[in-house]
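Have a look at the structure below, then the notes.
Each chain gets a letter, A, B and so on, in the order the sequences are listed, and its residues count up from 1.
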Protein chains: 2
Amino acid sequence: MQSNSTTAYQQHDHHRCLKAALAQARQRCAERKARLTPIRESVLHLLWQSHRPLGAYKIIEQLSAASGKRVLPPTVYRALDFLLELGLIHRLATLNAYIGCPFPDSVHSDYFLLCRECGSVAECSAENVNDAIVATAEEAGFLVEKQTVEILGLCTPCQEKTRK
Amino acid sequence: MQSNSTTAYQQHDHHRCLKAALAQARQRCAERKARLTPIRESVLHLLWQSHRPLGAYKIIEQLSAASGKRVLPPTVYRALDFLLELGLIHRLATLNAYIGCPFPDSVHSDYFLLCRECGSVAECSAENVNDAIVATAEEAGFLVEKQTVEILGLCTPCQEKTRK
DNA sequence: CGCTTGGTCGTGATAATATTACAGTATTTG
DNA sequence: CAAATACTGTAATATTATCACGACCAAGCG
């Protein structure tokens, strides 16, 4: 099982997360001969400000604020599409929001732990979950192509805070 | 494992599905002292026209057409909220669409098999999937409150058609 | 070097999904 | 019946996402 749940929910040197993500992005783009343009990098950068997902229009706002000029939806959606395509970010269907992928390299049928209290999201790749899903789908004769697994709940720190 | 995958994807006497769903709805409303008003029943009825989920605005269209007068969004969203609350329908986050629940009585951490070809959706309650999710979340110290599991792929009949 | 081609970006308009606010009507309850 | 509660009608608006079209830029080629 692969997961960034410890870093996502705890105090940590987030600068390292950001740096690692950008490095991986650059490498991946080089491999695929894709261009990590300034806009695309800015969007990725924004998504890695924290482990909290960001809606497309929040990105538009922040990008507009940062650049001083009005950024329009297609600009951001195009960047998001590009990053999604490369597996550098994910879209969270239950939140209509986007988040950076902490391990774009591993081929993942991944799932997400969304803390309803602090808003942070961790990503996991757990084989047993994947196996269970594929096995059960198979029982129904269903061919699995893409999984969307989003778990809402409380992360460890927020459980402790709530208990008080 | 509980599932309606055989009926959902195959030829079947759908009238029975519809009838059963309405009967269950009436019973559940009686139990909860909730009112299955004409609008609410119409919406539920529409959602049980088939095993294909329906977007809110499709419901609005159909309801408008059927009643002869313009039905506005809040009317339908209120009915949907009511039915969701009672567990009589589900919302599919990946499709922004709604579908009738085939077994509202079982307390389910359920998941959905969405066929990308025919558009039909089956619902399953599989303990092993649920267990795997809870177990893996626990490993990360995460308290699960609500699961969203939506599997995109091909149902048996559509796999066969595609193979040709 | 200039040209062409394909990918990227800027912009306005619009589509699709969902919510708010408020007034009016029906239903249940005391 | 009166009061309280639940339900509905309606206009306006919020939120998320896409389309269409033209300009621009960057890489490869004659």
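Proximity of Arg70(A) to the phosphate of dG12(C): a side-chain N or O atom is located under 4.0 Å from OP1 or OP2. The phosphate of dT8(D) (OP1 or OP2) has no side-chain N or O of Thr75(B) nearer than 4.0 angstrom.
Following rounding to the nearest Å, Ile59(A) (CD1) and dA17(D) (C1') show an atom-to-atom distance of 13 Å. The CG atom of Leu92(A) sits 15 Å away from the C1' atom of dT16(D) (whole-angstrom rounding). Between the CG atom of Leu86(B) and the P atom of dC7(D) there is a distance of 10 Å, given to the nearest Å. In this structure, Leu80(B) atom CG and dT8(D) atom C1' are separated by 15 Å, rounded to whole Å.
His90(A) has its ring centre no less than 6.0 Å from the ring centre of Tyr98(A).
The shortest distance between side-chain heavy atoms of Leu54(B) and Gln49(B) falls below 4.5 Å.
Within a 6.0 Å sphere centred on CD of Glu31(A), other residues, nucleotides and ligands contribute more than 12 heavy atoms.
Applying a 4.0 Å cut-off to non-hydrogen atoms, the residues of residues 24-44 of chain B that approach DNA chain D are Arg35(B), Thr37(B), Ile39(B), Arg40(B), listed by residue number.
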Hey, mind stepping through Tyr111(B) and Val149(A) against side-chain contact (heavy atoms from CB on, under 4.5 Å) and telling me if it holds? CA-CA 9 Å; Tyr111(B) 76 110; Val149(A) 181; over 6 Å; no
Result block: side-chain N/O donor-acceptor pairs under 3.5 angstrom for residues 74-84 of chain B, not counting sequence neighbours:
none

Taking distance alone, no hydrogens or angles, what donor-acceptor pairs closer than 3.5 Å link side-chain atoms of residues 137-147 of chain A to residues at least two apart or in another chain?
unit_1, atom_1, unit_2, atom_2, d
Glu145(A), OE1, Arg116(B), NE, 2.6
Glu145(A), OE2, Arg116(B), NE, 3.4
Glu145(A), OE2, Arg116(B), NH2, 2.8
Gln147(A), NE2, Asn130(A), OD1, 2.5

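In this view, Arg35(A) satisfies the side-chain hydrogen bond (donor to acceptor under 3.5 Å, both in side chains) rule with no residue, not counting sequence neighbours. With sequence neighbours excluded, the residues forming a side-chain contact (heavy atoms from CB on, under 4.5 Å) with Ala25(A) are Leu36(A), Leu44(A), Leu88(A), listed by chain and number.
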Check nucleotides 14-23 of chain C for protein N or O atoms closer than 3.5 Å to its own N or O atoms and list the pairs.
unit_1, atom_1, unit_2, atom_2, d
dA18(C), OP1, Arg91(B), NE, 3.2
dA18(C), OP1, Arg91(B), NH2, 2.2
dA18(C), OP2, Tyr77(B), OH, 3.0
dA18(C), OP2, Tyr98(B), OH, 3.3
dA18(C), O5', Tyr77(B), OH, 3.3
dA18(C), N7, Tyr57(B), OH, 2.5
dA18(C), N6, Tyr57(B), OH, 3.2

